[in-house]
Amino acid sequence: YYLATLLGASGNIEEAVTELDRIDPESELYIKSRMFSAFLLRQSGELERSESAARQALERSPTDRQILLFIVAVLKEREE
């Protein structure tokens with residue numbers, strides 16, 4: 001996760017997302033990794049992939065309002 005943070009901060013989005021995808025779903029960092037991936041993908045204009053990553057986080061934390069709001073924002077962007 002921390003390597004992905006550094007990669008994302010330096011603009012290496014695909015490398016960061018690849019690192020984030022390696023995080024085990026059983027890890028305590030899984031939800032955070034899915035949302036960071038969603039954020040990076042949204043920033044790079046990959047809205048479909050961003051939504052998918054956020055939905056993976058939502059599956060693990062279905063009552064998280066922040067995740068829900070993020071998905072709504074991505075869906076609005078996709079409509080524009």
Side-chain angles (χ1 to χ4, degrees):
Y1 179 82
Y2 303 104
L3 174 59
T5 302
L6 292 172
L7 289 167
S10 64
N12 296 313
I13 305 301
E14 278 305 316
E15 289 179 61
V17 171
T18 298
E19 286 299 318
L20 292 165
D21 286 346
R22 292 183 179 152
I23 294 178
D24 188 311
E26 299 304 315
S27 169
E28 64 184 39
L29 293 173
Y30 182 74
I31 293 170
K32 190 181 277 192
S33 73
R34 294 293 79 218
M35 289 309 298
F36 187 47
S37 183
F39 170 78
L40 292 172
L41 291 164
R42 182 180 179 194
Q43 293 299 101
S44 67
E46 295 193 54
L47 299 179
E48 192 170 312
R49 288 177 66 198
S50 174
E51 179 190 346
S52 176
R55 287 185 183 278
Q56 289 171 345
L58 186 63
E59 287 175 12
R60 295 290 301 276
S61 185
T63 59
D64 189 313
R65 285 184 48 128
Q66 292 298 103
I67 298 172
L68 289 169
L69 291 172
F70 184 91
I71 292 171
V72 168
V74 170
L75 289 172
K76 283 185 176 183
E77 281 184 56
R78 287 181 67 185
E79 288 178 1
E80 294 174 357

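Nearest approach of P62 to L68, heavy atoms of both residues: O-CD1, 4.4 Å. Closest approach of T5 and F36 over heavy atoms only: CA-CE2, 3.7 Å. The two residues Y30 and I23 come nearest to each other via the heavy atoms CD1-O, 3.7 Å. Here the shortest heavy-atom pairing between L58 and D64 reads CD1-O, 4.4 Å. Contact record, A38 with S50: O-OG, 2.7 Å, taken as the closest heavy-atom pair. In this structure, I13 and G8 approach most closely via the heavy-atom pair CD1-O, 4.2 Å.
Ionic pairing of K76 and E79 is not present here: no N-O contact between side-chain nitrogen and carboxylate oxygen is shorter than 4.0 angstrom. In summary, E51 and R55 engage in a salt bridge, as defined by a charged side-chain N under 4.0 Å from a carboxylate O.
Linking ILVMFWY side-chain heavy atoms closer than 4.5 Å, directly or via other members, places V17 and L29 in a single hydrophobic cluster. Clustering ILVMFWY residues whenever any of their side-chain heavy atoms sit less than 4.5 angstrom apart, transitively, puts L69 in a cluster other than the one holding L40.
One finds the CD atom of E59 at 10.5 Å from the CD1 atom of I31 (value rounded to the nearest 0.5 Å).
No side-chain heavy atom of I67 sits under 4.5 Å from any side-chain heavy atom of R34. A 4.5 Å side-chain heavy-atom check between E19 and L7 finds at least one atom pair inside the cut-off.
Of the residues listed (M35, R42, Q43), the one engaging F39 in a side-chain contact (heavy atoms from CB on, under 4.5 Å) is Q43, and it is the only one.
Using modelled atom types, one side-chain atom of T18 and one backbone atom of E14 make a donor-acceptor pair closer than 3.5 Å.
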